[in-house]
There are 2 protein chains.
Amino acid sequence: MATGRTHRPATRSRGIPEATVARLPLYLRALTALSERSVPTVSSEELAAAAGVNSAKLRKDFSYLGSYGTRGVGYDVEYLVYQISRELGLTQDWPVVIVGIGNLGAALANYGGFASRGFRVAALIDADPEMAGKQVAGITVQHSDDMERIIEENGVSIGVITTPPGVAQQVCERLVAAGVTSILNFAPTVLSVPDGVDVRKVDLSIELQILAFHEQRKAGEEAALTDGSSPVAATRKQSADKGPDGDVPAVMPA
Amino acid sequence: MATGRTHRPATRSRGIPEATVARLPLYLRALTALSERSVPTVSSEELAAAAGVNSAKLRKDFSYLGSYGTRGVGYDVEYLVYQISRELGLTQDWPVVIVGIGNLGAALANYGGFASRGFRVAALIDADPEMAGKQVAGITVQHSDDMERIIEENGVSIGVITTPPGVAQQVCERLVAAGVTSILNFAPTVLSVPDGVDVRKVDLSIELQILAFHEQRKAGEEAALTDGSSPVAATRKQSADKGPDGDVPAVMPA
DNA sequence: ACTTGTGAAGATATTCACAGCG
DNA sequence: CGCTGTGAATATCTTCACAAGT
């Protein structure tokens with residue numbers, strides 16, 4: 001290509017690795033806690049422990065942001081809070097809409113972590129006319145007919161989808177058409193979006209399944225060690241009245 | 001805290017990469033949908049599209065499980081559903097307790113994805129005496145005084161924490177002491193657990209912050225002509241950057 | 001001393017590209 | 001042919017270990 005915009009992968013951050021970006025909020029939370037206790041400086045070792053990572057990783061992460069520490073001393077807490085906040089774009093206000101005000105949507109609306117850090121719930125939207133007008137977390141739920149107007153009037157660029165999976169894709173498309181370019185999806189569906197729109201998904205059942213995988217492996221390891229005949233391995237398995245279930249067909253094609 | 005997972009099994013079949021494990025539930029969901037539509041076989045290309053990954057990755061992932069496909073044809077849907085379910089440990093029943101029945105806990109209790117796939121909500125637990133006895137999602141909430149008994153009686157090994165952050169660590173410790181070895185943590189806290197206990201965390205505010213980071217970058221790119229404050233001089237490494245064409249359509253900024 | 005910042009090494013993950021088999 | 005399965009190449013991420021500052 002000779003002219004036009006430089007080809008830049010949408011997911012590539014400005015030199016900051018994605019894995020690092022994903023940890024910055026973690027550091028920020030730990031730093032905020034230190035800040036509230038008026039701790040002036042912190043070493044990479046201490047901060048890493050508070051954030052649950054190791055110190056080499058933390059230092060490497062910070063090195064992508066710049067040299068914000070002082071050798072022999074550590075990092076200035078307030079300064080780092082500011083720098084990370086700025087890097088994450090939290091020094092500005094992000095209006096957010098939540099679409100789908102069921103249990104989960106209500107939980108998110110009530111979630112303190114939203115408001116506390118640059119995010120403001122600009123609107124709650126639901127397709128059920130019964131919901132419209134009700135108050136959730138002190139905010140009046142609006143009907144989805146008004147979705148486009150709400151997004152434009154509030155300059156919303158981040159949308160949260162907490163609808164049933166069946167309507168998630170279509171909600172997503174309306175959000176994007178109205179100007180939303182970042183979506184946090186709680187519906188267990190793969191959303192397809194045009195290039196330039198970011199989607200992150202939070203999937204409760206996937207997390208549980210990953211845990212189950214490791215849990216099963218633990219049980220298997222124990223059984224292997226105790227060589228089958230010992231009852232010890234059996235103690236820590238699931239038990240009791242097995243539910244109806246029977247969901248899995250034991251098909252064995254050749 | 002060194003998690004001693006440096007153990008490399010000599011047998012080649014049991015070393016499924018973590019990244020692959022994390023995608024298996026995705027494949028499983030896509031396959032289940034196909035199964036319900038009575039689709040008999042599926043190609044890596046089709047399945048990959050449905051799961052939102054690329055086909056090479058999917059085939060590589062499946063190769064860790066074994067050779068379950070047929071060249072020239074694709075994968076048998078029912079068979080794959082069974083194999084992945086087994087690999088993830090979903091052919092057995094996993095009783096789960098949810099601790100902290102606020103908005104989020106209630107949302108999880110009502111979440112259909114739980115029951116549908118090997119997980120059974122064995123108990124809902126809350127510290128508030130007012131909550132005890134109430135019905136949530138058809139299950140009677142029990143007081144946290146009984147946590148240990150409930151876990152032991154039901155053989156629970158997976159716990160979900162949806163409490164306020166202040167009590168999450170102490171709830172975690174009680175869970176672990178009672179026999180729980182896998183924890184899904186929704187509280188915005190770093191949990192410290194003994195070796196051998198798995199923790200996964202779901203953090204709503206972190207996801208939003210990551211979105212904000214990318215959103216900010218998008219906005220910056222639009223007005224990127226007078227930038228001069230970037231502390232990171234992007235030292236391009238070997239960036240021959242062959243055009244991966246085909247798949248990266250240019251998009252018009254809305 | 002003490003702790004950061006970082007090249008280099010090592011470990012994982014992703015993608016390519018094609019041999020091999022139905 | 002078409003599509004899987006996989007070694008090899010690449011890219012990304014983590015950890016090591018120590019030089020460079022304060």
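Here the structure is a predicted model, which means the values were calculated and not measured. Chain A is the first sequence line, chain B the second, and so forth, proteins listed ahead of strands; every chain is numbered from 1.
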Using a cutoff of under 3.5 Å, can you pull out all pairs of nitrogen or oxygen atoms linking the protein to nucleotides 20-22 of chain D, with atom names and distances?
unit_1, atom_1, unit_2, atom_2, d
D/dA20, N3, A/Arg71, NH1, 2.7
D/dG21, N2, A/Gly72, N, 3.4
D/dT22, O4', A/Arg71, O, 3.3

Taking only side-chain N and O atoms of A/Lys60, does any of them lie within less than 4.0 angstrom of OP1 or OP2 on C/dG5? no
Under 4.0 Å, counting only non-hydrogen atoms across every strand here, what does A/Tyr75 touch: a base, just sugar-phosphate, or nothing? sugar-phosphate
Could you tell me whether the phosphate oxygens of D/dT15, OP1 or OP2, come under 4.0 Å of any side-chain nitrogen or oxygen in A/Asn54? yes
Tell me whether the centres of the aromatic rings in A/Phe62 and A/Tyr68 are closer together than 6.0 Å. no
Against the side chain of A/Ser63, the closest entry in C/dT14, C/dG5, D/dT14 is C/dG5
Between C/dA13, D/dT15, C/dG5, which nucleotide has the shortest distance from any of its atoms to the side chain of B/Glu18? C/dA13
Among D/dA8, C/dC18, C/dT6, which nucleotide has an atom closest to any side-chain atom of B/Arg59? C/dC18
From C-beta outward on A/Ser67, which listed nucleotide comes closest to its side chain: D/dC13, C/dA13, C/dG5? C/dG5
Check whether the side chains of B/Thr32 and B/Glu36 place a donor and an acceptor atom closer than 3.5 Å, and report yes or no. no
Return the residues of residues 35-48 of chain B meeting this criterion: a heavy atom under 4.0 Å from some atom of DNA chain C. Order them by number, or give none. none
In chain order, what residues pass the ring-ring contact (aromatic ring centres under 6.0 Å, His included) check against B/Phe186, with sequence neighbours excluded? none
Measure CG/B/Leu58 against P/D/dC3 and give the value in whole Å, please. 14 Å
